[in-house]
Asks: 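Would you mind keeping the following structure in view while I ask a few things?
Just so you know, these numbers use all the heavy atoms, side chains as well, and skip hydrogens, waters and symmetry mates. Since we're looking at a predicted model, the values are computed, not measured.
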Amino acid sequence: MAGLATAGIGAAGMSLAACSPAKDQNTGDKQEATTGVEKSASGDWLGKEPEISDADVEAEEECDVVVIGLGNAGVMAYRSAAEAGANTIAIEKAESYNATGGAFALIGGMREERWHAADIDKEEIINRHMQECGYYVKRAIIRRYVYEVGDVFNWIIEPLTDLYIAETARDDIPDGKENNLIPDSYPLPDWYDYRAETCSTFPTSVGFGSFQIAHGEQIAAAEATGNAKAYYGHFAEKLIKEGDAVTGVFVRNAETGKYKKITAKSVILATGDYSSDKSMLEAFAPETLANDVPAMWIHTDVEGNNTNRGDGHRMGTWAGARMQQHHAPMIHHMGGGADITGKGVMGIDGFLNINLLGERFMNEDVPGQQIENQIEMQPQHKTYQIFDSKWPEQVGKFAPGHGCVNYCQSEDEAPKNNPGAGFNTRSEEFVENAVVQGNCLKADTIDELLAQMDGMDVEAAKRTIERYNEVCKSGIDTDFGKDSRRLWALENPPYYACAFEPAIMLTCVGGLESDENCHVYNEDRQIIPGLYACGNVQGDRFAVNYPISLKGLSVGMAQFYGYIAGQNAAAGK
């Protein structure tokens, strides 16, 4: 029941055709990338709460804390509760704990202490998050994260004895050091000021080489306390209540088909999101279906189904919890022609982008989530990013944001064993190979390039490019307001184009109404005693959009609030 807490580096932006067996960025193991969602039979996302009798129960246990789900949030809750002295049981329906994502939004703490990264105004970060989420989230949740994550991060990395810590974002990583930590975008270019960007990404994040390896050490630390044990291949299906309080859970043993009845002082839901369940998408994010947005998930349970099915959302709602409104599909674009790793040909660099009507439709120099939102509004949900042969000298002038290309280096020059650096580095050979593979178009003239674009209104597109060249030469984008530092006329053959289509949804973020202490609220917005939530089942963290202002915030919040949930559940507060 492990949950997704995504992704600083994700597969957004690639096409369904690219969804073949993939190499997991965390483990290096080959895994099947499953796309699409389960079909909805009735349109009723909630369904009926199961009836479980004593005859169905094979064993009964008591503990202090039950953690349901061992993903990014649940692993931290498991260790946190156990180290707080609570007798802790974890329930996971896959055959192992798991992890997704790589980036972590770190504010202060080690980011400042080790790398001397400039301090960023914390209230500015909070205000930006509130604005991007339409003020549909709880300020206290983001505020606690921003002010306390530095200390919690030190706790997170404490048991990682073999963690290799890079000095810069573009260091070579030694062979055999897959368990590594890299400061994202450090040091920053001398010219860069995030406040000067139209829609900035705060320079805060760090990247882990392998959360899967790191999670193994977290699990070991939890179980070394003598207070923790985990049941894998077990499905939590129904919360137990006494009056208004949650006092345990019924757990189905997949091997026997029988149930364990686990009684506890506190139950933590860490069950992830629901983007593999069509009925929930229909109810809470229907735009993803209307816009033909593909979904991807790599984790399956022991019965072969995707793990992100909204189990915790249902159990919590059956127990009286209230679902938040305005859910936020995480669909941050990574560029046209992206492969299974999510590495687009030219990333989301803000070159000219036109739709099939041949029209320019946006300020292209914005983050990937905003780009995705605009693409979904275009005819056939398809556009083309266009650049010319001067791209190697132009990419270094784009902001070092999520999904951007900032360096042109050959394979021999690029940092070794450093996937983060790989995402913002391209070689001329890489682009030419993309042309050969059909992921990028190339032509000696604009007319020839446009003729290769299926469904394009060529004459309108030629007029748009003429107008764009005029804008670029004037130095002021009076049409869409793009930063004058990134206005380059298309007049240096050969010319290139990459098709932009709806990116892959990595997760759909929306959960049970909660607070900064991981309490879950009922329909009257009163705390449900004994019930806690963390990770993507915890609501009121994101709404409407998944903001890219803090790269890796979903992973960071999952792990941070996993820690908070474990502490509070252990203390019963």
Asks: Would you say CG of Asp244 has more than 12 non-hydrogen atoms from neighbouring residues, nucleotides or ligands within 6.0 angstrom?
Replies: no

Asks: Output yes when a side-chain donor or acceptor of Tyr561 lies under 3.5 Å from a complementary backbone atom of Gln538, and no otherwise.
Replies: no

Asks: Would you compute the distance between atom CD1 of Ile564 and atom OG of Ser80 and round it to the nearest 0.5 angstrom?
Replies: 7.5 Å

Asks: Hey, is Lys229 close enough to Glu223 for a salt bridge, meaning N to O under 4.0 Å?
Replies: no

Asks: Does a sphere of radius 6.0 Å around CD in Gln380 hold more than 12 heavy atoms from other residues, nucleotides or ligands, not counting ones at 6.0 Å or beyond?
Replies: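 No, the 6.0 Å shell around CD holds no more than 12 heavy atoms from other groups.
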
Asks: Distance under 6.0 Å and angle within 45° of the ring axis: does Lys138 meet both against Tyr521?
Replies: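 Output yes; distance and angle both within limits.
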
Asks: Kindly compute the distance separating OG (Ser275) from CZ (Phe284), expressed to the nearest 0.5 Å.
Replies: 14.0 Å

Asks: Closer than 3.5 angstrom, by distance alone: can the side chain of Gln378 be matched with the main-chain N or O of Gln374 as a donor-acceptor pair?
Replies: yes

Asks: One thing to verify: whether Arg525 and Glu513 come together as a salt bridge, which I'm taking to mean a side-chain N less than 4.0 angstrom from a carboxylate O.
Replies: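 A salt bridge is present here (some side-chain N lies under 4.0 Å from a carboxylate O).
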
Asks: Give a yes or no on whether Glu242 atom CD has more than 12 heavy-atom contacts from other residues, nucleotides or ligands under 6.0 Å away.
Replies: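 At most 12 heavy atoms, drawn from other residues, nucleotides or ligands, come within 6.0 Å of this atom.
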
Asks: Tell me, do Asn98 and His215 make a side-chain contact under 4.5 Å, heavy atoms counted?
Replies: no

Asks: For the OH atom on Tyr147, are there more than 12 heavy atoms of other groups (residues, nucleotides or ligands in this structure) within a distance under 6.0 Å?
Replies: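 More than 12 within 6.0 Å, yes.
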
Asks: Using a 4.5 Å cut-off on heavy atoms from C-beta on, say whether the side chain of Trp45 contacts that of Met323.
Replies: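 A side-chain contact exists here, since the closest heavy-atom pair is under 4.5 Å.
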
Asks: Just wondering, do Ile268 and Cys534 contact through their side chains at under 4.5 Å, heavy atoms?
Replies: yes

Asks: If only atom types and distance count, is the side chain of Arg322 paired as donor or acceptor with the main-chain N or O of Gln526 below 3.5 Å?
Replies: no

Asks: Is it true that a side-chain atom of Ser205 and a backbone atom of Gly552 form a donor plus acceptor pair closer than 3.5 Å?
Replies: no

Asks: Looking at Arg309 and Asp301, is any side-chain nitrogen of the basic one under 4.0 Å from a carboxylate oxygen of the acidic one?
Replies: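 Here Asp301 does not pair with Arg309 in a salt bridge, since their nearest N and O are not under 4.0 Å apart.
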
Asks: Kindly indicate whether the side chain of Gln370, heavy atoms from C-beta on, has any atom under 4.5 Å from the side chain of Glu132.
Replies: yes

Asks: Under 6.0 Å from the CD atom of Glu287, do we count more than 12 heavy atoms belonging to anything else shown?
Replies: yes

Asks: Given 3.5 Å as the limit, does a donor-acceptor pair link the side chain of Asn545 with the main chain of Pro547, or not?
Replies: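 No.
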
Asks: Just so I know, are the side chains of Ile125 and Ser549 near enough to count as touching, which here means a heavy-atom distance under 4.5 Å?
Replies: no

Asks: Any donor and acceptor pair, going by atom type alone, linking the side chain of His313 with main-chain N or O of Thr271 inside 3.5 Å?
Replies: no

Asks: Side-chain donor-acceptor pair under 3.5 Å between Glu237 and Tyr259, yes or no?
Replies: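 Tyr259 and Glu237 do have a side-chain donor-acceptor pair below 3.5 Å.
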
Asks: Just so I know, are the side chains of Phe211 and Gln559 near enough to count as touching, which here means a heavy-atom distance under 4.5 Å?
Replies: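 Yes - at least one pair of side-chain heavy atoms lies under 4.5 Å apart.
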
Asks: Any luck finding a side-chain donor-acceptor pair between Glu83 and Thr225 under 3.5 Å?
Replies: no

Asks: Aromatic rings Tyr231 and His234: how do their planes relate, parallel, tilted or perpendicular, breaks at 30° and 60°?
Replies: tilted

Asks: To the nearest 0.5 Å, what is the distance between CD on Glu60 and NZ on Lys260?
Replies: 12.0 Å

Asks: As a test of understanding, state which of Ile91, Val251, Val302 forms a side chain to side chain contact (heavy atoms under 4.5 Å, CB included) with Phe235.
Replies: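 Single side chain to side chain contact (heavy atoms under 4.5 Å, CB included) partner of Phe235 among Ile91, Val251, Val302: Val302.
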
Asks: Are Tyr274 and His327 linked by a side-chain donor-acceptor pair shorter than 3.5 Å?
Replies: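 The criterion, which ignores hydrogens and geometry beyond distance, is satisfied for His327 and Tyr274.
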
Asks: For the side chain of Ser266 and the backbone of Ala569, is there at least one donor-acceptor N/O pair under 3.5 Å apart?
Replies: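 Checked: pair present.
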
Asks: Given 3.5 Å as the limit, does a donor-acceptor pair link the side chain of Arg541 with the main chain of Val137, or not?
Replies: no

Asks: Apply the test side chain to side chain donor-acceptor pair (under 3.5 Å) to residues Glu62 and Thr263: give CA-CA distance (whole Å), side-chain angles for both, the deciding distance (0.1 Å), then the verdict.
Replies: CA-CA 5 Å; Glu62 294 184 7; Thr263 303; 5.5 Å; no

Asks: Using the salt bridge (Lys or Arg N to Asp or Glu O under 4.0 Å) criterion, which residues pair with Glu148? Sequence neighbours excluded.
Replies: Arg144

Asks: Taking Asn568 for its side chain and Asn517 for its backbone only, find out whether a donor-acceptor pair lies under 3.5 Å.
Replies: yes

Asks: Do the side chains of Leu553 and His129 get nearer than 4.5 Å, heavy atoms only?
Replies: yes

Asks: Going by distance alone, is a donor N or O of one side chain under 3.5 Å from an acceptor N or O of the other, for Ser276 and Asn308?
Replies: yes

Asks: Is the number of heavy atoms from other residues, nucleotides or ligands under 6.0 Å of Glu51 CD greater than 12?
Replies: no

Asks: Is there a donor-acceptor pair under 3.5 Å between the side chain of Asp540 and the backbone N or O of Ser514?
Replies: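 Answer holds: yes.
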
Asks: Taking atom types as modelled and ignoring hydrogens, do the side chains of Glu217 and Asn179 form a donor-acceptor contact shorter than 3.5 angstrom?
Replies: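 Distance-only check passes for Glu217 and Asn179.
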
Asks: Any chance CD of Glu58 has more than 12 other-residue heavy atoms, nucleotides or ligands included, within less than 6.0 Å?
Replies: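 Buried by this count: over 12 neighbours within 6.0 Å.
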
Asks: Hydrogens and angles aside, do Trp297 and Thr307 bring a side-chain donor and acceptor to less than 3.5 Å of each other?
Replies: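 Judged by distance alone, the side chains do pair up.
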
Asks: With heavy-atom distances below 4.5 Å as the criterion, would you say the side chains of His381 and Asn291 are in contact?
Replies: yes

Asks: Applying side chain to side chain contact (heavy atoms under 4.5 Å, CB included) between Leu70 and each of Met76, Lys93, Glu92, report the one that passes.
Replies: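 It is Glu92, the one option of Met76, Lys93, Glu92 that forms the side chain to side chain contact (heavy atoms under 4.5 Å, CB included) with Leu70.
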
